[in-house]
Amino acid sequence: MTVEAPVFEEAPPQVEPARGPMDWARKNLFNNWYNSLLTLALAALVIWALVALLRGLLSAEYEIIRANLRLFMIGEFPADQLWRPWAATYCFAVMLGMVGGSIAAGARDRASEAGLPYVRTTLRQVVIRFWPILALIAVILSFTTTVTPTLLTIGALVVGLGSYYLGRVLPRAVRRWTWLIAVVLIAASYISLAGFGGVGWQGWGGLQLNLFLTFAGLLVAFPFGLLLAMGRRSSLPVIRTISVGYIELVRGVPLITVLIAGAFAIGFIIPRDIRPGFVTRMLIAIIAFEAAYIAEVVRGGLQAVPRGQVEAAQAVGLAPWKTMRLIVLPQALRATIPAMVGQFISLFKDTTLVAVLGITELLEATFVVNSQTAYLGKGLFVVTLSFAALIFWVGCYTMSRESRRLERKLGVGER
Amino acid sequence: MTVTDYSDATRATGDAIIELVGVDKFFGNFQALKDINMRVGQQEVVVVIGPSGGGKSTLIRCINRLEKHDAGRLVVDGIELSDDVRNIQEVRRETGMVFQQFNLFPHLTVLDNVTLAPRQVRKLPKKDAEALAMQTLTRVKIPEQARKYPGQLSGGQQQRVAIARALAMQPKVMLFDEPTSALDPEMIKEVLDVMVELGRGGMTMVVVTHEMGFARAVANRVVFMAEGEIVEVGTPEHFFTDPQEVRTKLFLSQIL
């Protein structure tokens, strides 16, 4: 079969070939007198801002960060107990490495069983994936005064990497228990911080406290949020009303209100001798607050599971709670991962609000150091706040990158 | 009109395993089923046809209580469906169902889809459940797909997995709700072939479908439903050669 080429009466319209950036600029930035004026003005503004920023960064006094780095990282943790945060860091390095390794091995095995191609992640890809975090670690280490933290950090990275490979080569029977190993390691990290004469979370501060409040807050709030979400869909009016009432009440109030209410209401209600400290009260308030938000996230996931899934489970005789546990929840929770990461990001930033009760988390720490006599009146707020901002930005940016990556991955092949 | 075995919905061939007496079903003010009386005998294959919105799907969804009937009696294998949850579970264990949209569990492999109910409901050990699953997958001719996920299979393959999933519970009755309606034309045959074999193998089946070729091959009776009522009942031959009611003739002229 032959296809005759279409014959044009007139020549097809000529597309002008691009002639490089100069041509583009002339067409888009300088095509008439007022656009040219705007372009020049904005260019001047941008250049001025960049120069100012660069000059600020170069001439700033970083002594304030160098001197207070420990306060920013771990608050007022006793200086002779520094091995404790490091021990905890190593526990986390092992934990993250092993969990990551066993997840990778699981994906590899599932792919090979299903006959799908599996592409192994290379170290280079991991570095590209987490470059903001690695860069941040380098920046922080550049403010240390001795070589020990750098060596210990490199050690932790190596241990983490080793654990990753260990997690990958573990036999399947052992891999099934990785979650238990993770739980044990998390417990071990807490014991190494607080146990045997250490400091419990009541005395924590700095970035360590922000991370603790975020992880512990979300982890504990999750089951409550799950229950609230299921309660909201319950056919029993009492449970449904209570769930909806709680969710809407909490979601209608700013977090800071809940924090203050938590701090003082708990103080009033609970008798003095068993009254929890401020950090614990904050944690309780955060959990109460996050549970409502998680409930709404999970509800979205539950609604994303088609009705037919439940019907198919019912038709084969699965009991309602098994239908929920084996069919609905796995699909619903998978659908909520991106939104949960979003929740994580916003809580990480919101943990700075506990500063209203005088708790020295990272942001508050970067604020109060400016009233130390050496730096008083020097106007170094910009320096210290930028440092805090960088840490928060890297954390949130990394999470949001990972979330987008997960979204892409879950969108393909799994459904 | 002479009453024969085949033109009376309440006369099953042999012992009745499904029995509907005066069943009504409402969705709000809309009556989806109007006074349905019907019996299905052991090893009988009943094909239900009729225009959409006529109550066919509602009828078979009531049989395993995916829909609750509002009036009348509904008995499956000697168990009357009521609000008693144990009875409902019992009936669901005895009836397999195949849906138009397959409704496979996308997060589980084919093998896990099929072994789920035997393990969770029948409490079979993993090994036995997997052996049984491979047996049923062989019966629907796709044992080699056991380790794949539903999303990797074609529509026809997915529907056959859905049939295997239902068969793995070793049900006494199989319900099919338009099993080939969501399939591309070239895949309909592979599913119908499995269903024909099932019917010839003695499975009791109630099938909502417009595949009259299937009805001719294995159906003992065809039930024509419209507007929530059973309009006409007969052998497949009767519907091909001698439909009585005006609505039946009109409908058949549209699908044949």
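Reminder, nothing fancy here: chain letters follow the sequence lines and each chain counts from 1. Computed from a predicted structure; not experimentally measured.
- At a 4.5 Å heavy-atom cutoff, B:Arg65 makes no contact with chain A through either its backbone or its side chain.
- Your options are B:Glu90, B:Arg122, B:Glu94, B:Arg61, and the one with the most heavy-atom pairs under 4.5 Å with chain A is B:Arg61.
- Contact of B:Gln120 with chain A is made through backbone and side chain together, with heavy-atom distances under 4.5 Å.
- Here CG of B:Leu108 is found 8.0 Å from CG of A:Leu326. Values are rounded to the nearest 0.5 Å.
- For the pair B:Arg92 and A:Gly317, the tightest heavy-atom approach, listed with the atom from each and the gap, is CB-CA, 4.0 Å.
- Annotation: A:Phe215, atom CZ; neighbour count of heavy atoms from other residues, nucleotides and ligands within 6.0 Å does not exceed 12.
- Highest contact tally toward chain A, considering only B:Val98, B:Thr109, B:Leu104, is held by B:Leu104 [criterion: heavy-atom pairs under 4.5 Å].
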Verdict with reasoning, B:Met97 to A:Val316, per side chain to side chain contact (heavy atoms under 4.5 Å, CB included): CA-CA 8 Å; B:Met97 185 155 194; A:Val316 288; over 6 Å; no
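- Here the CZ atom belonging to A:Arg110 is positioned 5.0 Å from the OH atom belonging to B:Tyr149, to the nearest 0.5 angstrom.
- Between A:Ala312 and B:Arg165 the shortest heavy-atom distance is CB-NH2, 3.5 Å.
- For B:Phe105, the parts lying near chain A are the backbone and the side chain together; criterion is any non-hydrogen pair under 4.5 Å.
- A:Gln314 contributes no side-chain N or O that, together with a main-chain N or O of B:Gln89, makes up a donor-acceptor pair within less than 3.5 Å.
- The number of heavy-atom neighbours closer than 6.0 Å to CZ of B:Arg139, taken from other residues, nucleotides and ligands shown, is 12 or below.
- Annotation: A:Arg108, atom CZ; neighbour count of heavy atoms from other residues, nucleotides and ligands within 6.0 Å is above 12.
- A donor-acceptor contact shorter than 3.5 Å links the side chain of B:Asn103 to the backbone of A:Gly308.
- Interatomic distance, A:Glu311 CD to B:Glu67 CD, rounded to the nearest 0.5 Å: 7.0 Å.
- Taking both residues in full, the closest heavy atoms of B:Asn64 and A:Ala315 are given as ND2-CB, 3.8 Å, listed atom of the first, atom of the second, then distance.
- Heavy-atom neighbours of A:Phe224 CZ from other residues, nucleotides or ligands within 6.0 Å: at or below the threshold of 12.
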